[in-house]
2 protein chains.
Amino acid sequence: MKSRKLYNRIAVLRKERNISRKELAEIIGVNFQTVGYLEREEYNPSLDLAFKISEYFELPIELIFSTKPLKPLIEEIIELKNKIGEQ
Amino acid sequence: MKSRKLYNRIAVLRKERNISRKELAEIIGVNFQTVGYLEREEYNPSLDLAFKISEYFELPIELIFSTKPLKPLIEEIIELKNKIGEQ
DNA sequence: ACAATATATTGTAAATATACAACAAAAAAT
DNA sequence: ATTTTTTGTTGTATATTTACAATATATTGT
């Protein structure tokens with residue numbers, strides 16, 4: 001199966017928590033370069049690694065990873081605000 | 001990274017939809033033996049494959065795959081019924 | 001009972017993910 | 001300004017996932 005390219009928000013989420021790749025890598029138990037590869041979306045994580053990342057950020061996998069390009073979080077927020085406002 | 005064993009409900013969900021491994025395999029674009037391996041939990045899917053399965057069943061990844069052994073669906077239902085009843 | 005379909009199992013080859021090392025470049029801290 | 005930390009990049013090795021083939025067993029349909 002040719003794997004589709006997946007998108008993720010690891011870099012942004014990591015920045016928001018103010019930790020380095022090295023620190024994140026240690027927590028989720030991979031090499032720090034592996035975090036780099038993931039953030040640059042050069043390859044996809046295994047499902048197990050996705051679960052570990054999801055556990056660390058305490059967010060569902062679907063909020064971190066996506067099959068479609070991810071909008072900046074700030075845009076998501078604006079859209080949600082509009083949606084609430086418009087009813 | 002030594003991958004943890006992951007658990008899944010593919011076999012049950014597939015039975016509920018009454019499709020064969022071969023049919024599911026064609027839909028998600030893998031070899032039918034690969035579905036066998038996944039159902040027997042002999043190895044974990046890639047994140048991309050997990051997404052495809054999640055898309056087919058229209059269920060979040062977390063409901064299909066888990067890092068901890070999965071209870072039968074019927075038990076989950078009973079627990080939820082109790083939880084609702086007890087408030 | 002027989003045929004057709006579905007599943008299990010094993011083995012080999014391929015593709016992809018991960019580890020690890022080394023070095024360069026950029027950013028942050030002092 | 002210079003040291004330290006972080007990030008990017010490249011290359012090689014190992015582990016894991018997936019494909020594919022072949023065969024055996026089980027299940028279902030007729």
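In this text, all values refer to a predicted model and were calculated from it rather than measured experimentally. Only heavy atoms go into these numbers, but all of them, side chains included; no hydrogens, no water, no symmetry mates.
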**Item:** Joint hydrophobic cluster, B:I27 plus B:L13, side-chain heavy atoms closer than 4.5 Å
**Value:** yes
**Item:** Distance, nearest 0.5 Å, that separates CZ of A:R9 from CD of A:E16
**Value:** 10.0 Å
**Message:** Is it the case that over 12 heavy atoms from other parts of the model lie below 6.0 angstrom from the NZ atom of A:K22?
**Reply:** no
**Complete:** When rounded to whole Å, the CG to P distance for the pair B:D48 and C:dT16 reads 11 Å
**Request:** For A:R14 and A:L24, work out which heavy atoms get closest and say how close.
**Result:** CD-CD2, 3.8 Å
**Request:** Taking all heavy atoms of B:E41 and all of B:L6, pick out the closest pair and write down the distance.
**Result:** CG-O, 3.8 Å
Table of protein N/O atoms under 3.5 Å from nucleotides 22-24 of chain C N/O atoms:
from: C:dA22; atom 1: N6; to: A:Q33; atom 2: NE2; distance (Å): 2.8

Using a cutoff of under 3.5 Å, can you pull out all pairs of nitrogen or oxygen atoms linking the protein to nucleotides 26-30 of chain C, with atom names and distances?
none

**Prompt:** Are A:L63 and A:F57 in one and the same hydrophobic cluster, where Ile, Leu, Val, Met, Phe, Trp and Tyr link if side-chain heavy atoms are under 4.5 Å apart?
**Reply:** yes
**Message:** Same cluster or not: A:V12 versus A:I77, using hydrophobic residues (I, L, V, M, F, W, Y) connected whenever any side-chain heavy atoms lie under 4.5 Å apart?
**Reply:** no
**Request:** State plainly whether the residues B:R17 and B:E23 are in salt-bridge range, i.e. N to O under 4.0 Å.
**Result:** no
**Message:** Whole angstroms only, please: what is the CD-C1' distance between B:E41 and C:dT7?
**Reply:** 16 Å
**Asked** Considering all heavy atoms of both residues, which atom of A:K68 and which atom of A:Y7 are nearest to each other, and what is their separation?
**Response** C-CD1, 3.4 Å
**Message:** On a heavy-atom basis, which atom in A:P45 and which in A:L38 lie closest, and how many Å separate them?
**Reply:** N-CD2, 3.6 Å
**Request:** Look at the side-chain heavy atoms of Ile, Leu, Val, Met, Phe, Trp and Tyr, link any pair under 4.5 Å apart, and say whether A:F32 and A:I19 land in one connected group.
**Result:** no
**Request:** Take B:I10 and B:F65, measure what side-chain contact (heavy atoms from CB on, under 4.5 Å) needs, and give me the verdict at the end.
**Result:** CA-CA 8 Å; B:I10 299 173; B:F65 299 94; 4.0 Å; yes
**Asked** In terms of hydrophobic clustering (I, L, V, M, F, W, Y; side-chain heavy atoms under 4.5 Å; direct or indirect links), are A:Y37 and A:L70 co-clustered?
**Response** no
Using nucleotides 4-6 of chain D, report all nitrogen or oxygen pairs with the protein that are shorter than 3.5 Å.
none

Could you pull out all donor-acceptor pairs under 3.5 Å where a side-chain atom in residues 46-55 of chain A meets a protein atom, sequence neighbours excluded?
from: A:S46; atom 1: OG; to: A:L49; atom 2: N; distance (Å): 3.1
from: A:D48; atom 1: OD1; to: B:R4; atom 2: NE; distance (Å): 2.7
from: A:D48; atom 1: OD1; to: B:R4; atom 2: NH2; distance (Å): 2.9
from: A:D48; atom 1: OD2; to: B:S3; atom 2: OG; distance (Å): 3.4
from: A:D48; atom 1: OD2; to: B:R4; atom 2: N; distance (Å): 2.8
from: A:S54; atom 1: OG; to: A:L59; atom 2: O; distance (Å): 2.7

**Asked** In this structure, are over 12 heavy atoms from other groups packed under 6.0 Å from A:K71 atom NZ?
**Response** no
Report all interatomic pairs (protein N or O, nucleotide N or O of nucleotides 15-18 of chain D) with separations under 3.5 Å.
from: D:dT17; atom 1: OP1; to: B:N44; atom 2: N; distance (Å): 3.2
from: D:dT17; atom 1: O5'; to: B:N44; atom 2: O; distance (Å): 3.3
from: D:dT18; atom 1: OP1; to: B:S46; atom 2: N; distance (Å): 2.9
from: D:dT18; atom 1: OP1; to: B:S46; atom 2: OG; distance (Å): 2.8
from: D:dT18; atom 1: OP2; to: B:N44; atom 2: O; distance (Å): 3.4
from: D:dT18; atom 1: O3'; to: A:M1; atom 2: N; distance (Å): 3.2

**Strand-adjacent residues in residues 55-67 of chain A, judged by heavy atoms under 4.0 Å from DNA chain C** = none
